[in-house]
Amino acid sequence: MSPALNPRARTFHSYTRRERRGIMSDHGFTTGFSVERTTAKEAFDAIRNVRGWWSEEIDGGTAELGDEFTYHYEDVHRCTIRVTEVVPDRRISWLVVENHFDFTEDETEWTGTTISFDISEKDGRTEVRFTHEGLVPEYECFDVCATSWGFYVDGSLRNLITTGEGQPNGRGRPRVPAEEAASTTFTSA
């Protein structure tokens, strides 16, 4: 069933601005969903299965504190991510250690940003809230990245949790029109 048609799931998006050390400095992209008949443990396990919902081209561990993995999508995007926080059935956080985009002037836009997944249960539903802190609207990649995260979190991850099958990208298999456009632009140039 299409995520848009799944009556068991609700989706939300927002942009956050947070004050750190008294200075308005960081923005974040937040999205998420809630599902019924799913436990926090099932959601937690699915999030840690990054190859099952984001990309089949992940190398390295993605589940334990201190694990580092690399994400690679053709020559368009690659990054190294470290797992910085693991609270079973409640929270997972990552730090983007290195990043390279082929479609932005500043190829390192994600470097130093954090990505977190917060899981909660309320009123018979399990909620997953995704935040990419530091993914700011001023970044050249913002629209592409926000659209892509929307697909991978709200669609692919949600489907992995509810049906056992996500829609990760793979070699030569973009899942989001923005990925396809970036691939076409930079492979034909």
Side-chain angles (χ1 to χ4, degrees), residues 3 6 8-21 23-55 58-71 79-99 109-137 139 141-142 145-168:
N6 187 340
R8 292 179 42 206
R10 297 182 193 145
T11 303
F12 57 87
H13 304 280
S14 68
Y15 304 95
T16 60
R17 185 177 190 129
R18 135 175 123 160
E19 189 170 327
R20 183 181 290 169
R21 293 185 215 99
I23 301 169
M24 294 300 269
S25 61
D26 291 328
H27 297 252
F29 170 75
T30 298
T31 190
F33 55 89
S34 66
V35 292
E36 56 187 21
R37 297 189 298 272
T38 298
T39 66
K41 179 175 179 12
E42 291 168 321
F44 180 79
D45 290 344
I47 292 165
R48 295 180 350 152
N49 178 11
V50 180
R51 290 171 192 83
W53 62 269
W54 186 14
S55 177
I58 298 282
D59 293 314
T62 63
E64 304 300 325
L65 184 64
D67 279 355
E68 279 196 7
F69 62 93
T70 57
Y71 165 83
C79 61
T80 301
I81 294 176
R82 181 180 306 129
V83 179
T84 57
E85 184 177 13
V86 177
V87 179
D89 307 338
R90 295 288 163 230
R91 183 174 173 84
I92 298 169
S93 293
W94 302 337
L95 171 67
V96 180
V97 178
E98 293 180 79
N99 188 74
E109 284 183 340
W110 278 18
T111 301
T113 63
T114 59
I115 297 166
S116 61
F117 301 83
D118 291 294
I119 306 162
S120 60
E121 293 178 315
K122 184 177 179 182
D123 300 327
R125 300 183 72 83
T126 298
E127 180 177 289
V128 174
R129 181 177 297 267
F130 168 92
T131 301
H132 190 157
E133 188 70 37
L135 177 57
V136 295
Y139 276 0
C141 77
F142 184 81
C145 294
T147 299
S148 296
W149 278 136
F151 172 81
Y152 287 112
V153 173
D154 300 333
S156 186
L157 175 58
R158 178 172 56 187
N159 283 345
L160 182 61
I161 292 168
T162 59
T163 71
E165 190 169 328
Q167 296 81 35

V97 and E68 have their tightest heavy-atom pair at CG2-OE2, 4.3 Å

Over all atoms of both residues, closest heavy-atom pair of P168 and S156 | N-OG, 3.7 Å

Does a side-chain heavy-atom distance below 4.5 Å link D118 with S116?
-> yes

With sequence neighbours excluded, tell me which residues meet side-chain contact (heavy atoms from CB on, under 4.5 Å) with D89.
-> A40, K41, F44

For V96 and W110, the nearest pair of non-hydrogen atoms, with its separation, is CB-O, 3.4 Å

Residues which pass side chain to side chain donor-acceptor pair (under 3.5 Å) with N49, listed by chain and number, not counting sequence neighbours = none

Is there a salt bridge (charged side-chain N to carboxylate O under 4.0 Å, His left out) between E127 and R125 once you walk through the steps?
-> CA-CA 6 Å; E127 180 177 289; R125 300 183 72 83; over 6 Å; no

Scan side-chain atoms only and decide if T131 and R129 contain a donor-acceptor pair under the 3.5 Å cut-off.
-> no

Exercise: do T70 and T80 side chains pair donor with acceptor under 3.5 Å | no

Taking the side chain as C-beta and beyond, is there a heavy-atom pair between E64 and V86 under 4.5 Å?
-> no

Do R82 and E98 come within less than 4.5 Å of each other through their side chains, counting heavy atoms only?
-> no

In terms of heavy-atom contacts, T38 and E42 come closest through CA-OE1, 3.2 Å

Taking only residues two or more places apart in sequence, or in another chain, which ones meet R51 in a side chain to side chain donor-acceptor pair (under 3.5 Å)?
-> none

With sequence neighbours excluded, tell me which residues meet side chain to side chain donor-acceptor pair (under 3.5 Å) with T126.
-> none

So which heavy atom on E85 is nearest to which on V87, and how close?
-> OE2-CG2, 3.9 Å

Over all atoms of both residues, closest heavy-atom pair of C141 and L135 | SG-CD1, 3.8 Å

Listed partners of D67 passing side chain to side chain donor-acceptor pair (under 3.5 Å), at least two apart = none

With sequence neighbours excluded, tell me which residues meet ring pair (Phe, Tyr, Trp, His ring centres under 6.0 Å) with F117.
-> W53, W94, F130

